[in-house]
Structure formats: C-alpha cells, structure tokens
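Computation of the quantities below employed the complete heavy-atom set of this structure, encompassing side-chain atoms and omitting hydrogens, waters and symmetry-equivalent molecules.
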Amino acid sequence: MKKTYYHLGFGSMERKWLVPLVASSVVSLTIFVLATIHFGSSTQEPNYEVLPLKTAYDSGGQFLESDVVQIPVRGLPTPPRIAYLISGTKGDSQRMRRTLQALYHPRNHYLLHLDLEAPPRERIELAKYVKTEPTFMEANNVHVVGKANLVTYKGPTMIACTLHAVAILLKQSKEWDWFINLSASDYPLVTQDDLLHVFSYLPKDLNFIEHTSDIGWKLYQRAKPIIIDPGLYQSKKSDVFWATQHRAVPSSFKLFTGSAWVVLTRTFLEFCIWGWDNLPRTVLMYYTNFISSPEGYFHTVVCNSQEFQNTTINHDLHFIKWDTPPKQHPMSLSSNHFEEMMQSGAPFARKFPKDDPVLDKIDKELLGRSDGQFTPGGWCTRTGSRDPCATRGDPTVLRPGPGSKRLEGLLLKLLAPENFRDKQCK
C-alpha cells in the first residue's frame with residue numbers, strides 16, 4: 001500500500017479528508033506570512049476596529065506598548081482558546097501562581113493541580129487566591145483540582161493525572177482548541193497574545209509532540225519490565241515496585257517514546273477520553289505497568305492511529321537543554337541560556353530553578369510583565385509599570401509583539417515540506 005504523506009501546501013493526498021485541510025493550511029499560512037511582512041503597509045478604512053500587531057523595544061531592552069502599527073481587524077481569524085494544565089507538588093504553589101500570571105488570558109482555560117504530597121494548607125492558599133482574584137472571577141476560567149491525585153515519579157499515575165485533567169477540561173468547556181501541560185518549573189517565552197495570534201493561522205488538527213520509535217535501551221529497561229505504581233492503590237507516596245517477570249513487546253501496536261510535554265488537539269484528546277476506538281484503552285492498559293508512561297502513552301496512541309499520525313509534528317514546542325551525553329534530567333536554565341532560548345522560537349522552556357533571576361529577565365524583556373502582575377496584552381493595557389491592567393479590552397483583540405515573529409519562524413520551519421516528511425511518525 002502506498003504511504004500517505006501529510007504536507008502543508010505541497011504533495012498529493014490519497015485520503016480525501018486531507019484535501020480541504022491542505023487547502024486551508026496553504027491559505028492560512030500565506031495570509032499569515034503576508035500579514036506579518038506587510039505590517040507597515042496596511043491602510044485603515046473609516047469605522048474599522050484596529051488591532052496593534054507590533055510591540056517595540058527601546059534601546060534599553062524595555063518592553064513598550066507605544067509606537068505600535070495597527071491594521072484592520074476585518075478578515076483576521078478568530079483567536080483560538082488554549083486549555084492549560086499546570087502541575088506542581090510540595091512547595092510549588094507560589095511558582096504555579098507566577099506561571100499562571102505569566103500565562104493568563106481571559107480566552108483560555110486553566111486547571112491547577114497540586115499533588116497529594118503538597119500539604120492541605122498549600123492547596124487551600126492556592127485555591128483561595130484563584131477564588132478571590134477579580135480577574136479570574138470575571139472570566140471564570142481558572143480552577144484548582146480539589147481532590148488531588150497522588151503522583152509517583154515515573155509511574156503511570158502521572159499519565160492518569162493528565163488524563164483526569166483533560167477529562168475535567170473537556171467537561172468544563174466545549175470551546176478550547178489545544179491542550180498544553182506544564183509543570184511548576186516551566187515558563188513561557190512569548191506572551192499569550194503572541195501564541196494565540198500565531199495559532200490563529202494553524203489548522204486546528206495539528207498535534208505537537210516529540211516522538212520516536214527508536215527506543216533503544218528503553219526497550220529492556222522500561223518496556224519489558226513490569227512495575228506496580230503504589231500511587232494507584234495507596235494514599236502515601238513511595239517508589240514503584242518491580243516484578244521479577246518480563247513481558248514481550250506488543251504486536252498489535254508499535255511503541256513510541258519522547259517528551260512528556262505536549263500540545264495536543266481537542267479532537268485527539270476526545271479520541272483518547274471518549275474512546276470510540278479501542279486503541280487508546282489498549283495502549284493505556286499496557287502503560288499501566290510501564291516506567292515513565294508520560295513519555296510514551298500519547299506518543300504511541302497518536303502514531304498508531306491513522307486518523308492522527310499524519311497531523312502530528314515531531315516537536316514539543318519547548319526549549320530544553322540537555323547535557324552531552326544526555327542525563328536523566330535536563331539542565332537547569334539560567335541567564336547564560338537566555339539568548340539561546342529566545343533564538344529557539346519556542347513558546348515555552350524548562351526547567352527553571354525556583355525564583356531564578358532569569359525568570360525576571362524573561363518577564364522584563366520578553367513578556368513585559370511586572371512582579372506579581374499579569375502579562376499585558378490586548379485584553380489588558382498598562383498605563384504604568386506598577387499597573388499593567390489598568391484598562392480592560394476585548395479578549396478577541398490581540399497585541400502580539402516580537403515573540404510572534406520568533407514563534408512564526410519556528411513553525412514555518414517545522415511545517416516546511418522538506419522538514420515535515422522527516423518529522424512524521426516512523
């Protein structure tokens with residue numbers, strides 16, 4: 001059987017459902033490139049609503065909201081909505097609060113989960129902040145998981161917690177388009193106006209997940225061993241138990257592994273949760289006894305499904321720095337990595353030490369965010385450094401800045417025909 005490739009704008013398609021997707025992709029990306037190239041050439045007509053599309057920096061690197069170029073809103077796509085899961089453990093509540101403030105936009109949905117290792121007091125303080133913040137109360141789009149899950153490092157409870165969060169977000173709203181999972185040690189490198197602006201021009205069936213079928217040593221140290229995660233049965237955290245038996249590699253599906261951080265579409269996650277096909281349940285039962293299941297479950301499901309494997313980009317949209325040779329954990333990021341982070345075009349980075357000075361540098365130079373405040377944007381206009389949300393605007397009006405150009409560059413590179421073929425599930 002001839003192999004089918006999914007290209008954005010090039011190549012032939014054998015599956016009829018891909019034809020309109022490719023056509024819309026070409027049109028969307030063309031409009032996007034033209035819009036960003038011709039910022040200064042747009043002409044305003046009378047009675048047009050206008051949208052600032054460019055944010056300038058002064059000579060000192062300060063984030064400015066003045067001197068923007070405006071173009072008509074008419075004809076621009078409606079910004080999508082993102083559903084975020086922000087996870088943490090004992091001592092992470094303040095870090096989660098800071099990440100939430102940096103990520104917040106009234107169009108999005110946010111679910112915060114402090115696992116059972118965190119003391120009740122910490123969870124109550126986080127929930128109290130969410131319930132008393134006027135901005136959250138107005139939009140009603142931030143929630144804290146009240147009945148927390150016990151999460152064992154490397155165990156299947158990690159993927160169980162993620163699936164639980166997805167189910168909650170699916171129940172809470174029918175409007176979000178992509179799901180993004182972050183930890184307390186993650187931080188954004190672009191504003192939400194940047195992210196929503198760029199994603200407005202993407203087909204809404206594109207998944208971003210780093211994956212590979214070349215699992216190497218993981219075949220014998222993770223796939224074949226059988227483990228039991230006590231977190232599935234107990235209320236106190238402990239390490240996983242190893243069984244003496246080993247199992248064969250499954251024959252009904254091919255194993256994939258990769259990064260635990262994902263940007264997944266609502267359609268794919270409904271496929272995983274609602275289960276109109278048996279594949280997600282079959283794979284989940286296998287990963288119940290798998291070490292580091294978050295590094296394999298979604299990857300194996302998406303790459304074994306003909307419906308989704310050709311709409312999946314092999315990138316997790318994170319900047320992650322590894323030692324050479326790679327160790328079990330990535331390097332901790334610092335100010336020494338700032339330029340590399342910015343040049344990567346990635347919208348997120350990890351992992352950051354708690355309260356590292358590089359976070360302040362990101363706030364000041366990339367997000368325009370003041371300490372303890374929300375990242376400003378089209379919905380939130382600042383009048384001074386101490387009051388970034390003095391004026392509320394329309395959440396559908398975005399004010400993307402230089403971060404949108406960096407992210408655009410990364411996505412255009414990933415979606416280029418010569419690169420896309422190499423990034424499919426193999």
Side-chain angles (χ1 to χ4, degrees), residues 4-10 13 15-33 35-36 73 75-85 103 105-111 141 165-167 169-181 190 192-211 261-274 276-277 280 298 301-303 305-317 347-348 395-396 398 400 404 407-408 410-412 414-416 420 423-425:
T4 300
Y5 291 106
Y6 171 67
H7 299 254
L8 292 181
F10 295 85
M13 298 296 169
R15 301 181 62 180
K16 294 182 179 180
W17 65 270
L18 286 177
V19 175
L21 172 62
V22 175
S24 65
S25 303
V26 173
V27 173
S28 298
L29 288 175
T30 301
I31 294 174
F32 180 66
V33 173
T36 52
V73 166
L76 293 180
T78 301
R81 298 177 188 269
I82 310 295
Y84 284 97
L85 167 64
L103 285 169
H105 193 283
R107 288 189 61 81
N108 295 336
H109 298 271
Y110 301 86
L111 186 64
N141 62 341
V166 170
L169 289 165
L170 286 172
K171 183 178 180 180
Q172 284 180 341
S173 175
K174 299 180 180 180
E175 297 180 340
W176 56 266
D177 304 290
W178 278 279
F179 166 82
I180 299 176
N181 64 330
V190 301
Q192 286 304 287
D193 277 22
D194 293 332
L195 184 67
L196 296 178
H197 173 66
V198 175
F199 271 52
S200 298
Y201 295 89
L202 291 181
K204 291 185 179 180
D205 64 348
L206 282 181
N207 296 287
F208 296 88
I209 179 171
E210 183 188 74
H211 58 267
W261 313 106
V262 298
V263 180
L264 299 174
T265 63
R266 183 188 184 95
T267 303
F268 172 69
L269 291 171
E270 287 177 339
F271 173 74
C272 294
I273 298 295
W274 305 143
W276 58 80
D277 186 288
F298 287 126
V301 173
V302 78
C303 284
S305 171
Q306 292 185 358
E307 184 176 354
F308 300 103
Q309 61 185 207
N310 291 333
T311 57
T312 298
I313 308 299
N314 195 350
H315 199 288
D316 60 9
L317 299 189
F348 308 101
T396 63
L398 305 178
S404 65
L407 178 56
E408 173 200 346
L410 172 64
L411 292 177
L412 288 176
L414 294 175
L415 298 174
F420 189 84
K423 294 185 177 297
Q424 290 182 301
C425 293

**Q.** Contacts of type disulfide (SG to SG under 2.5 Å), residue Cys303, not counting sequence neighbours
**A.** Cys425

Q: Measure from NZ or CZ of Arg266 to the centre of the six-membered ring of Trp176 and say whether it is under 6.0 Å with the direction within 45° of the ring axis.
A: yes

Q: Might you point out which heavy atoms bring Trp178 and Leu202 nearest each other, and give the distance in Å?
A: CH2-O, 4.1 Å

Q) Taking only residues two or more places apart in sequence or in another chain, which ones pass side-chain hydrogen bond (donor to acceptor under 3.5 Å, both in side chains) with Asn108? A) Tyr110, Gln192

Q: Looking only at non-hydrogen atoms, find the nearest pair between Pro106 and Asn141 and report the distance.
A: O-ND2, 3.3 Å

(Q) Would the distance check show the side chain of Asn181 and the main-chain N or O of Trp261 forming a donor-acceptor pair, the cut-off being under 3.5 Å? (A) no

Q.
Ignoring hydrogens, what is the shortest heavy-atom contact between Leu407 and Pro347? Give both atom names and the distance.
A. CD1-CD, 3.9 Å

**Q.** Least distance between heavy atoms, Leu269 atom then Leu264 atom
**A.** CD2-CD1, 3.8 Å

Q: Using a 4.5 Å cut-off on heavy atoms from C-beta on, say whether the side chain of Pro80 contacts that of Leu196.
A: yes

Q. About how many Å separate CD of Glu307 and CG of Asp205, when rounded to the nearest 0.5 Å?
A. 9.5 Å

Q.
Quick check: closest heavy atoms across Glu210 and Asn314, and the distance to 0.1 Å?
A. CA-OD1, 3.2 Å

Q) Side chains of His197 and Ser404: donor-acceptor distance under 3.5 Å anywhere? A) no

Q. Any idea how Phe348 and Tyr84 line up, ring-wise: parallel (<30°), tilted (30 to 60°), or perpendicular (>60°)?
A. perpendicular

Q: In plain terms, say whether Lys204 and Asp177 are close enough for a salt bridge, that is, a side-chain N and a carboxylate O under 4.0 Å apart.
A: yes

(Q) To check you understand the geometry: which heavy-atom pair defines the closest contact between Ser173 and His109, and what is its length? (A) OG-NE2, 3.1 Å

